[in-house]
Amino acid sequence: MGREFIDIFEDWAPLYDDSVTGKDAQYEKVFEHYDQILSEVVENSQDKVLEFGVGTGNLTKQLLNAGKTVIGIEPSTAMREIAKKKLPGITILDGDFINFPTLTMPIDSIVSTYAFHHLTDEEKEQAIKQFHEVLQPEGMVVFGDTMFETKEAKQNQIDLARKQGFKALAEDLEREYYPIIKTVRNAFEKYNFHVSFKQMNDFVWIISAKKLA
Ligand SMILES: C[S@@+](CC[C@H](N)C(=O)[O-])C[C@H]1O[C@@H](n2cnc3c(N)ncnc32)[C@H](O)[C@@H]1O
């Protein structure tokens with residue numbers, strides 16, 4: 001579920017790595033400190049990792065370099081192909097945050113960067129409920145993604161993007177389901193996680209959520 005944006009990624013896949021390295025002015029601020037954001041996710045995760053929205057495999061690469069075992073889930077065929085070419089031998093399966101193949105190992109960390117906002121708030125809750133079921137005791141969810149402290153802060157970024165002539169960014173912020181932090185906090189707490197947030201740039205925050213009993 002939450003697959004309504006896949007066509008965007010089928011088209012974006014060949015140029016995606018140019019965007020994350022700052023070559024697309026519209027997304028420069030969104031991907032500011034990209035490598036640090038990925039590192040922060042890696043540092044907060046444990047050994048047996050389930051990664052959602054793998055994209056071109058940049059987070060996967062850092063996870064593998066840190067010695068972790070990773071099962072990747074990615075709904076876009078074009079993205080999966082690029083990730084497999086970059087990282088031969090990785091396990092990357094067709095699926096999404098809600099529907100994915102049966103897992104072949106116990107999972108102690110669920111990670112993702114720049115992807116959770118493809119789910120509506122209701123779908124996010126459904127996914128978080130499933131994360132609690134999938135994770136081992138004291139397992140972690142560690143996500144980096146765009147979110148906002150208030151509705152006004154979100155609108156300010158949309159207005160700024162329009163003022164700067166960043167039409168694609170403004171439309172993206174309006175089209176997809178970038179959440180308000182309190183909504184995400186409430187969803188994790190509802191399903192028995194202890195959750196904290198850390199800001200990484202004007203858009204992206206790290207969510208670290210530990211499964212409570
Ligand atoms: C902006 S890219 C992020 C890629 C990579 N994680 C990174 O940090 O560079 C978003 C990725 O999420 C994937 N995606 C879109 N909808 C999804 C869903 N419902 N479940 C899981 N992944 C999804 C897209 O296909 C795309 O590869």
Side-chain angles (χ1 to χ4, degrees), residues 1-24 26-42 44-45 49-65 68 70-87 90-101 103 109-131 134 141-147 168-169 171-173 175-179 200-201 203-207:
M1 276 165 77
R3 286 184 175 225
E4 59 264 48
F5 305 113
I6 298 312
D7 286 348
I8 294 171
F9 291 102
E10 292 290 307
D11 294 340
W12 195 3
L15 291 174
Y16 181 75
D17 280 344
D18 285 344
S19 298
V20 304
T21 48
K23 293 189 185 75
D24 177 347
Q26 302 217 27
Y27 281 90
E28 198 179 341
K29 286 282 179 194
V30 176
F31 289 111
E32 191 175 34
H33 312 310
Y34 179 69
D35 282 335
Q36 260 172 271
I37 289 165
L38 304 191
S39 301
E40 185 83 18
V41 171
V42 173
N44 282 290
S45 59
V49 179
L50 177 63
E51 181 189 353
F52 286 104
V54 166
T56 59
N58 297 327
L59 175 62
T60 325
K61 187 175 176 190
Q62 283 207 20
L63 290 161
L64 294 172
N65 287 345
K68 298 173 196 293
V70 184
I71 296 176
I73 307 288
E74 168 56 57
S76 152
T77 308
M79 286 291 198
R80 282 200 306 276
E81 278 168 8
I82 292 174
K84 280 184 183 163
K85 218 176 264 176
K86 265 195 196 168
L87 302 167
I90 59 165
T91 305
I92 171 165
L93 310 170
D94 184 8
D96 58 61
F97 278 104
I98 305 224
N99 294 302
F100 49 89
L103 300 171
S109 298
I110 297 176
V111 306
S112 180
T113 46
Y114 294 92
F116 200 42
H117 65 269
H118 295 110
L119 302 189
T120 63
D121 286 346
E122 291 72 29
E123 289 167 342
K124 288 187 192 81
E125 268 209 19
Q126 191 184 341
I128 290 166
K129 182 172 188 277
Q130 289 183 197
F131 299 159
V134 164
V141 177
V142 191
F143 287 172
D145 203 0
T146 293
M147 60 197 85
L169 176 60
E171 286 174 2
D172 176 347
L173 292 171
R175 177 182 60 234
E176 302 185 10
Y177 311 119
Y178 297 100
M200 300 300 287
N201 65 30
F203 295 85
V204 174
W205 294 68
I206 301 284
I207 307 172

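Note that ligands are numbered from 1 as they come in the structure, with each ligand's atoms numbered from 1 the same way.
Every atom of ligand 1 is numbered from 1 in the order shown, and the set under 4.0 Å from a heavy atom of M79 is 27 (O). The atoms of ligand 1 that sit less than 4.0 Å from any heavy atom of H118 are 10 (C), 12 (O), 14 (N), 15 (C), 16 (N). Residue-ligand proximity, S76 to ligand 1, at heavy-atom distances under 4.0 Å covers atoms 25 (O). Close approach of ligand 1 to A115 (heavy-atom distance below 4.0 Å) involves ligand atoms 12 (O).
Contacts between F9 and ligand 1 below 4.0 angstrom, taking non-hydrogen atoms only, involve the side chain exclusively. The part of I6 lying near ligand 1 is the side chain, judged by heavy-atom distances below 4.0 Å. Under 4.0 Å from ligand 1, the heavy atoms of Y16 that appear belong solely to its side chain.
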Worksheet item: Can you list the steps and then say if F5 with Y177 is a ring-ring contact (aromatic ring centres under 6.0 Å, His included)?
Response: CA-CA 11 Å; F5 305 113; Y177 311 119; 5.6 Å; yes
Discussion item. Go through it in stages, so that I can follow the logic: the residues are H118 and F9, the test is ring-ring contact (aromatic ring centres under 6.0 Å, His included), and I'd like the CA-CA distance, side-chain angles, deciding distance and then a yes or no.
Written reply: CA-CA 12 Å; H118 295 110; F9 291 102; 5.1 Å; yes
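D35 and Q62 make their closest contact through O-NE2, 3.5 Å (heavy atoms, listed as atom of the first residue, atom of the second, distance).
Considering backbone and side-chain N/O atoms, G53 comes within less than 3.5 Å of an N/O atom of ligand 1. Considering both main-chain and side-chain atoms, F97 comes within under 3.5 Å of ligand 1 through a nitrogen or oxygen pair. In terms of polar-atom proximity, E74 is counted as a contact of ligand 1, with an N or O under 3.5 Å from an N or O of the ligand. Every N/O-N/O distance between N58 and ligand 1 stays at or above 3.5 Å.
With sequence neighbours left out, K129 forms a side-chain hydrogen bond (donor to acceptor under 3.5 Å, both in side chains) with no residue at all. K124 meets the salt bridge (charged side-chain N to carboxylate O under 4.0 Å, His left out) test with D121; sequence neighbours excluded.
Centroid-to-centroid, the aromatic rings of Y114 and Y16 stay 6.0 Å apart or farther.
Note: W12 and Y27 have tilted aromatic rings, judged against thresholds of 30 and 60 degrees for the angle between ring planes.
Remark: among candidates G144, P75, A83, the nearest residue to atom 22 (N) of ligand 1 is P75, based on non-hydrogen atoms. Heavy-atom proximity to atom 9 (O) of ligand 1, evaluated over Y34, W12, Y114, is greatest for Y34.
Every heavy atom of L59 sits 4.0 Å or more from the atoms of ligand 1.
Distance check: M147 CE to Y178 OH gives 11.0 Å after rounding to the nearest 0.5 Å.
For H33 and N201, the side-chain atoms include no donor-acceptor pair closer than 3.5 Å.
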